[in-house]
Amino acid sequence: MALPLTAAIFVGLQPCPAGKGLRYKAVEEKENGAEKGKFSNFQCTLSRQMEQRHCGTKNLKTMQIHPHAGKLPEQEMLVDVPRLVTAFFSMSPDPGVASQRISFGTSGHRGTSLNGSFNEDHILAVTQAICMYRKKEKIDGPLFLGIDTHALSEPAFATVLEVLAANGIEVMVAGEERYTPTPVVSHAILTWNRDVGKGTADGILLTPSHNPPGDGGIKYNPPHGGPAGGETTSWIEDAANHLLVEKLRDVRRIPCAKALSAPTTHRYDYPGTYIGDLGSVIDMEVIARSGITLGVDPLGGAGLAYWERIAEHYGVQLTILSKTVDPTFRFMSVDWDGKIRMDPSSPYTMQPLIRQRDRFDIAFACDTDYDRHGIVTRSSGLLQPNHYLAVCIDYLFQHRDAWPRSAMVGKTLVSSSMIDRVAAKHGRMVYEVPVGFKWFVDGLLEGFLGFGGEESAGASFLRKNGEVWTTDKDGFIPALLSAEITAKTGDDPGEVYRKLTQDLGEPVYRRIDAPATPEEKAKLKGLSPEKLSMGQLAGEEIRDILTNAPGNKAAIGGLKVVSDNGWFAARPSGTENIYKIYAESFLGEKHLERILAEGESMISAVLSERD
């Protein structure tokens, strides 16, 4: 098996450091990324379409959107590939430095080799810790190993395989297609555990999702097929960091060549298994019969090799706009901040596809590991994730007759309340959980959730017969569902959303990122409703102040304040020294600005209090 080296480094502007706020030019959200300048007193916004991201503090200096946003990168923005890969193997992290320790966020451990946060030692330690966890939990079946097209995924794959083979783990790796999307691994785990019965399977994924090309990532999916829960990741993280402290003394490994030829290493037909089963979750026949034209921009990701096979297998009219895989991602439009980022929800990243929207009845893209989606329509351009989630829910709960009548709608607490209104329209309960797709795993697996979706453009849903499809986010099926909706209803998802707003109201939604010290983040995470002295939010009586999610009662790690026509939520970032405020209003932009101002003021007051 060839192990080509691929890479790129971070480019563009740096995140706002605590205490040194940067202010961005505020823009009104337009369906196709058009911008109209506007400033507020304590914040400004970036047009992200799906979610507007802000950086807010007092006494901020103005910064414009990066001049290359929406354009192809300049040569100097690209990476020295040998340097990135050399750093992966040559740099050793210092476990005494917090930023160089292993830290599992909502989607595994991520970092870059250039600053000692994602190097071979991290991969050796995490993989050995997973082997130890498997032994503790008596997980004795194959481990499905998948990688995306990020530069550091290739060398990390070699290291992971060396450790797994040395520990005698049966490993399933891809064939000629090499790359394996996240949802395909989840599907493979569930299929094995349901049908084969020869030991319990789990998986490892080497991906930092849509992060910039210089990032690497590793995450573990246990036998339920979805992201590992907090108890599991804490155990693996602690064991891996102990191995780092002990200078990897207890890590077992063999040379890569021996690992590749080991009797425990097997080639698995990931595409055949997954693609052949797509008809059980999407009505591929109605898409094919309709003759509608589909366009896909693979964004150079792990699913590139799958699209042509999907088109051939089901006879759909699908045009693949690019078949390029390049570790520098030089073919990508630069995101708002000057970084190359494979984010299908960004109007800057998606410019090449947006410009061609009139060529197709419906078009779409997925991020690098194919766990997120972006939908481009003729009527509305690039849909905001919250808008499309509402459309999916409205359609699925009308056209999946075999789903249990008790099946609920899963949403994160920072997703749009439009989802609640759509669910109520169809007589369905909403299951609201903290941020993180791991909270949907049990519901999808057991069937009490028909749909689970995040505001960051991640979703999965049940098969047509009401059984589980995947328990991790799947970018393929929301993309293909947009084609099913268009073929079945005659309206594209943008038109469907506009009809929903005529019946249920039209919300405006925004997010702010503000600097916070680790101490302030800890204070926000432990915030209780009693510390807030608010009776109203933007002129409306407060209905709820939540520190635990209504659906599963899990701690939010922050809080959410809700009124009849608006809400805001605040939570600390798990990876950066910032906190995030999300807000929504059904009464318009001015009402939303009041919500944001009052929310920011409230949180600032709480964080400034002395203990």
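Residue indices begin at 1 and follow the sequence shown. Just the heavy atoms: all of them, side chains too, but no hydrogens, waters or symmetry mates, feed the values below.
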Quiz item: Are R110 and F118 close enough that some pair of their side-chain heavy atoms sits under 4.5 Å apart?
Solution: no
Quiz item: Do T264 side-chain atoms and A165 backbone N/O form a donor-acceptor pair below 3.5 Å?
Solution: no
Quiz item: Does the H210 side chain pair with the main chain of R372, one donor and one acceptor, at a distance under 3.5 Å?
Solution: no
Quiz item: Side chains of L481 and L396: does their closest heavy-atom pair fall under 4.5 Å?
Solution: yes
Practice problem: For K464, look at atom NZ and say whether over 12 heavy atoms of other residues, nucleotides or ligands are found less than 6.0 Å away. | Solution: yes
Quiz prompt | R252 side chain to Q128 backbone, donor-acceptor under 3.5 Å | solution = no
Quiz item: P181 versus V185: any side-chain heavy-atom pair under 4.5 Å?
Solution: no
Exercise. Flag the pair V173 / H266 as yes when at least one side-chain heavy-atom distance between them is below 4.5 Å, and no otherwise.
Key: no
Quiz item: Is there side-chain contact between T200 and D140, with at least one heavy-atom pair below 4.5 Å?
Solution: yes
Exercise. Give a yes or no on whether the backbone of G272 and the side-chain of D269 come within a donor-acceptor separation of less than 3.5 Å.
Key: yes
Self-check item: T293 side chain to D361 backbone, donor-acceptor under 3.5 Å
Solution: yes
Quiz item: Using 4.0 Å as the upper bound for N to carboxylate O, is an ion pair formed by R400 and E484?
Solution: yes
Quiz item: Do any N or O atoms from the side chain of Y388 and from the backbone of P478 form a donor-acceptor pair under 3.5 angstrom?
Solution: yes
Quiz prompt | Point-to-point distance, once rounded to the nearest 0.5 Å, from SG of C366 to CG of L304 | solution = 11.5 Å
Quiz prompt | Over 12 foreign heavy atoms within 6.0 Å of CD, E285 | solution = no
Quiz item: How close do F461 and L444 get, heavy atom to heavy atom, and via which atoms?
Solution: CA-CD2, 4.3 Å
Quiz item: What closest approach, in Å, do M77 and V334 show between heavy atoms, and which atom pair accounts for it?
Solution: SD-CG2, 4.0 Å
Self-check item: Exercise: do D491 and T489 side chains pair donor with acceptor under 3.5 Å
Solution: no
Quiz item: So how far is it from C131 SG to I204 CD1, rounded to the nearest 0.5 Å?
Solution: 7.0 Å
Exercise. Measure the spacing between CD of E495 and CZ of R378 and express it to the nearest 0.5 Å.
Key: 10.0 Å
Exercise. Give, for atom CG of L143 and atom CE of M172, the distance between the pair rounded to the nearest 0.5 Å.
Key: 10.0 Å
Quiz item: Do you see a donor-acceptor pair shorter than 3.5 Å between the side chains of N211 and S209?
Solution: no
Practice problem: Examine the side chains of N221 and D472 and answer whether a donor and an acceptor come within less than 3.5 Å of each other. | Solution: yes
Quiz item: Can the ring centroids of F397 and W403 be said to lie less than 6.0 angstrom from one another?
Solution: yes
Quiz item: Of the non-hydrogen atoms in Y497 and A390, which two are nearest, and what is the gap between them?
Solution: CE1-CB, 4.4 Å
Quiz prompt | Short side-chain to backbone donor-acceptor contact, H109 and S103, under 3.5 Å | solution = yes
Quiz item: Does Y348 have its ring centroid less than 6.0 Å away from the ring centroid of H66?
Solution: no
Quiz prompt | SB check E120 R253 (cutoff 4.0 Å) | solution = yes
Quiz item: Between the side chain of R463 and the main-chain N/O of V468, is any donor-acceptor distance below 3.5 Å?
Solution: yes
Exercise. To the nearest 0.5 angstrom, please state how far the CD1 atom of I130 sits from the CD1 atom of I218.
Key: 5.0 Å
Practice problem: Please check if any side-chain donor atom of T182 sits under 3.5 Å from a side-chain acceptor atom of D371, or the reverse. | Solution: no
Self-check item: Sub-6.0 Å ring centroid separation between F476 and Y370
Solution: yes
Quiz item: Pick one: which of V163, T265, L164 meets side chain to side chain contact (heavy atoms under 4.5 Å, CB included) with I169?
Solution: L164
Self-check item: Candidate pair E177 and Y270, rule side-chain contact (heavy atoms from CB on, under 4.5 Å), full reasoning
Solution: CA-CA 9 Å; E177 74 280 359; Y270 284 105; 4.3 Å; yes
Quiz item: Is the backbone of P223 close enough, under 3.5 Å, to the side chain of D202 for a donor and an acceptor to pair up by distance?
Solution: no
Practice problem: Would you kindly say whether D474 and Y274 are connected by a side-chain donor-acceptor distance under 3.5 Å? | Solution: yes
Self-check item: Exceeds 12 heavy-atom contacts within 6.0 angstrom, atom CD of E176
Solution: no
Quiz item: Should the pair K411-E454 be classified as a salt bridge under the 4.0 Å nitrogen-to-oxygen rule?
Solution: no
Quiz item: So, S117 versus T112: side-chain donor-acceptor pair below 3.5 Å or not?
Solution: no
Quiz prompt | Considering all heavy atoms, the nearest T471-G226 contact | solution = OG1-N, 2.9 Å
Exercise. Would you confirm whether the ring centroid of H399 sits within less than 6.0 angstrom of the ring centroid of Y395?
Key: yes
Quiz prompt | Heavy-atom pair with the smallest gap, counting every atom of C256 and A158 | solution = SG-CB, 3.8 Å
Exercise. Please determine, by modelled atom types, if T368 and D148 share a side-chain donor-acceptor pair under 3.5 angstrom.
Key: no
Quiz item: Backbone N or O of G300 within a donor-acceptor pair of the T149 side chain at under 3.5 Å?
Solution: yes
Quiz item: Are Y133 and I139 close enough that some pair of their side-chain heavy atoms sits under 4.5 Å apart?
Solution: yes
Quiz item: Is there a donor in the side chain of D492 and an acceptor in the side chain of S379, or the other way round, less than 3.5 Å apart?
Solution: yes
Quiz item: With a 3.5 Å cut-off and no angle check, do the side chains of S280 and D277 form a donor-acceptor pair?
Solution: yes
Self-check item: Steps toward side-chain contact (heavy atoms from CB on, under 4.5 Å) verdict (L299, D367)
Solution: CA-CA 7 Å; L299 301 184; D367 69 339; 5.5 Å; no
Quiz prompt | Test side-chain contact (heavy atoms from CB on, under 4.5 Å) applied to M332 and T349, step by step | solution = CA-CA 7 Å; M332 291 293 303; T349 295; 3.1 Å; yes
Quiz item: Which atoms form the tightest heavy-atom contact between T412 and G436, and what is the distance?
Solution: CG2-N, 4.2 Å
Exercise. Show the numbers, then the answer: is there a side-chain hydrogen bond (donor to acceptor under 3.5 Å, both in side chains) between T324 and D326?
Key: CA-CA 6 Å; T324 301; D326 182 337; over 6 Å; no
Self-check item: Any side-chain donor near an acceptor of the partner, T232 and Y220, under 3.5 Å
Solution: no
Quiz item: Can D335 and K339 be counted as an ion pair, charged N to O under 4.0 angstrom?
Solution: no
Practice problem: Report yes if some heavy atom in the side chain of L161 is under 4.5 Å from a heavy atom in the side chain of V171; otherwise report no. | Solution: yes
Practice problem: Report the C-alpha distance between I310 and M284 in whole Å, list the side-chain angles of each, state the deciding distance to 0.1 Å, and finish with yes or no for side-chain contact (heavy atoms from CB on, under 4.5 Å). | Solution: CA-CA 10 Å; I310 289 171; M284 299 300 295; 4.1 Å; yes
Quiz item: Are side-chain heavy atoms of L321 and V296 found at a separation under 4.5 Å?
Solution: no
Exercise. Measure the spacing between CG of L318 and CZ of F364 and express it to the nearest 0.5 Å.
Key: 5.5 Å
